[in-house]
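Every chain is numbered from 1, with letters handed out A, B, ... down the list of sequences.
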There are 2 protein chains.
Amino acid sequence: MQPVRNDIHNSPIPVLCQSCEARHQGFCGALTPEQLLALSRHTRRVHHDAGDELLADAEPITSYGNVLHGVVKLSKILEDGRQQVVGLQFAPDLLGRLFANESRVTAEAASDVDLCLVPKAAMETLVRENPALEHRVMLQTLRELDEARDWMVTLGRKTAAEKVASFLYLIASHIDPTGEVTTFDLPLGRGDIGDFLGLTIETVSRQMTKLKADGVVEIENHRHVSVPDLARLRVRCG
Amino acid sequence: MQPVRNDIHNSPIPVLCQSCEARHQGFCGALTPEQLLALSRHTRRVHHDAGDELLADAEPITSYGNVLHGVVKLSKILEDGRQQVVGLQFAPDLLGRLFANESRVTAEAASDVDLCLVPKAAMETLVRENPALEHRVMLQTLRELDEARDWMVTLGRKTAAEKVASFLYLIASHIDPTGEVTTFDLPLGRGDIGDFLGLTIETVSRQMTKLKADGVVEIENHRHVSVPDLARLRVRCG
DNA sequence: CGATAGTTTGAACAAACTCAAGACACGTGG
DNA sequence: CCACGTGTCTTGAGTTTGTTCAAACTATCG
């Protein structure tokens with residue numbers, strides 16, 4: 001029998017969690033090994049393909065999801081079909097609105113996504129009994145609010161050129177916060193980028209072409225781009 | 001000597017708080033009379049005139065403020081002066097970002113405003129020691145996030161006419177959530193409404209004129225408007 | 001190699017912006 | 001009480017930006 005690997009608390013960590021990339025940064029980091037073990041009996045790891053709907057607007061939430069891998073697109077849709085992307089979630093964000101009976105957004109897998117699903121009731125009990133956990137989620141919520149407000153400036157006050165530059169900058173800095181990335185994959189197609197920026201697909205495409213012509217980005221294959229000089233891109237964000 | 005009025009806990013409430021309109025709905029509602037008494041030794045009630053700056057973007061926060069009366073405008077400004085209003089706060093909202101060293105927005109009194117100021121250190125201690133309090137602030141933060149995302153749809157995907165209707169509807173439904181208001185004061189002038197909606201002052205003015213011509217609103221004196229039929233306004237929000 | 005979904009490009013159009021002038025409300029002083 | 005000045009709002013004309021509609025292109029996959 002192989003010895004169970006212990007962490008600093010010197011207590012066993014559930015096997016499934018041991019190899020989990022999200023365990024330290026995600027909300028589970030606020031849990032003791034015992035709590036983690038109890039929780040892990042209810043969780044289940046699932047995979048979704050790009051395009052799968054994860055949550056529907058105005059529908060009850062049955063499970064919360066910890067994003068382990070991939071990008072989740074949060075959006076809202078008007079009656080006549082106009083769509084606005086209102087947020088992107090990356091690992092290790094928590095998916096699903098706490099303390100509400102229904103989701104306030106549609107959530108869709110923008111890329112292939114791995115989630116750690118936590119049943120609604122289990123999550124809510126855990127949060128109620130564990131202030132440190134609520135604190136972690138509070139920090140994520142505050143960050144999301146900051147991001148939403150930053151994005152409101154982009155939506156309300158920037159030109160199409162600045163919007164597209166801002167989007168590329170957002171993705172680039174998310175992939176490598178140190179600011180040294182040069183090449184990466186876009187998590188969204190042109191249409192979704194337009195829905196994020198409040199632009200049409202054609203305008204996004206034209207601005208991408210212009211950025212390429214100006215040598216600010218190199219476009220390998222529509223989804224894959226290179227930014228030789230992040231500062232040059234930053235300047236274009238307005 | 002007059003008997004001190006007790007609440008359900010049968011414990012004395014600080015004199016200043018007894019008459020406070022924000023006490024039950026605001027974050028202080030999560031405190032026991034003892035905690036409220038301890039807190040009230042550090043708080044101070046202040047008045048600000050319309051136009052006063054309450055917090056500056058990227059500046060340290062020295063005090064949090066509980067909005068007791070009036071409307072606070074939260075905005076962000078680009079280097080070249082373009083401004084975007086990213087939120088409005090009403091009583092009994094908490095002003096000031098928790099768990100950050102600096103404000104992420106500029107806060108300005110949109111109308112005359114009364115605040116209950118809580119020193120930064122006292123507030124943070126209180127939050128740390130009192131999960132119920134953090135929970136209250138969490139609920140406010142989640143509501144603000146929902147509002148920000150709703151507003152992103154307005155900014156990114158609605159026409160000028162729909163934007164102005166949405167703004168009037170927002171204010172009307174905030175003043176009377178039952179949906180029976182017909183007449184109210186706008187907390188912002190045309191310029192600030194434009195900065196909220198991502199429009200110019202001229203476009204806001206033209207759309208207001210059109211709404212008046214269509215009989216959806218009556219405009220008494222620029223700041224004071226009447227909405228005879230809220231449903232008619234609602235339809236124009238897109 | 002052809003089908004398909006996603007993307008790019010072009011030309012005409014519409015929405016909102018800019019600039020400029022005029023109207024209105026409100027407070028101040030005659 | 002009225003004339004005046006200031007700040008805010010409205011209105012108009014012309015321009016710009018981004019959209020719409022239509023067609024061509026390009027990756028990718030069976």
Considering only heavy side-chain atoms of B:Ser205, the closest of C:dT8, C:dC17, D:dC9 is D:dC9
Please state how far atom NZ in A:Lys158 lies from atom C1' in D:dT17, giving the value in whole angstrom units. 18 Å
By nearest atom, which of the nucleotides D:dG18, C:dT7, C:dA16 is closest to the A:Arg223 side chain? C:dT7
Quick check on side-chain contact (heavy atoms from CB on, under 4.5 Å): which of A:Leu78, A:Asp195, A:Val105, A:Leu155 does A:Gln84 satisfy it with? A:Leu155
Once you round it to whole Å, what is the distance between C1' of D:dT8 and CD of B:Glu220? 18 Å
Heavy atoms under 4.0 Å, any strand shown: does B:Thr209 hit a base, just sugar-phosphate, or nothing? sugar-phosphate
Kindly compute the distance separating NZ (B:Lys120) from OG1 (B:Thr62), expressed to the nearest 0.5 Å. 9.0 Å
Less than 3.5 Å between a donor and an acceptor, one on the side chain of B:Arg206 and one on the base of C:dT18, is that the case here? yes
Using whole Å, report how far NZ of A:Lys210 lies from P of C:dT8. 14 Å
Distance, rounded to the nearest Å, where B:Leu199 contributes CG and C:dT18 contributes C1': 14 Å
Which whole-number value in Å describes the distance from A:Leu197 CG to D:dT19 P? 10 Å
Between B:Asn221 and A:Arg157, which has a closest nucleotide on DNA chain C that is more 5'? A:Arg157
What's the closest nucleotide to the B:Ile201 side chain, out of C:dT8, D:dT20, D:dC9? D:dC9
Would you say B:Thr200 reaches C:dA16's phosphate, i.e. side-chain N/O to OP1/OP2 under 4.0 Å? no
C:dC24 C1' sits how many Å from B:Arg190 CZ, rounded? 12 Å
Taking only side-chain nitrogens and oxygens of A:Thr203, does any of them come within less than 4.0 Å of OP1 or OP2 of D:dG18? no
With distance as the sole criterion, do the side chain of A:Glu202 and the base of D:dC21 form a donor-acceptor contact below 3.5 Å? yes
Atom CG of B:Asp192 to atom C1' of D:dG7: distance rounded to whole Å? 14 Å
Value in whole Å for how far the C1' atom of D:dT17 lies from CZ of B:Arg82: 13 Å
Looking at B:Arg44, I'd like to know if its CZ atom is crowded, meaning that more than 12 non-hydrogen atoms belonging to other residues, nucleotides or ligands lie closer than 6.0 Å. no
Electrostatic pair B:Arg157:A:Asp80 at N-O distance under 4.0 angstrom: no
Would you say that B:Pro228 contacts B:Glu218 through its side chain, given a criterion of any heavy-atom pair below 4.5 Å between the two side chains? yes
Under 4.0 angstrom, heavy atoms only, what part of the nucleic acid is A:Gly194 near: base, sugar-phosphate, or nothing? nothing
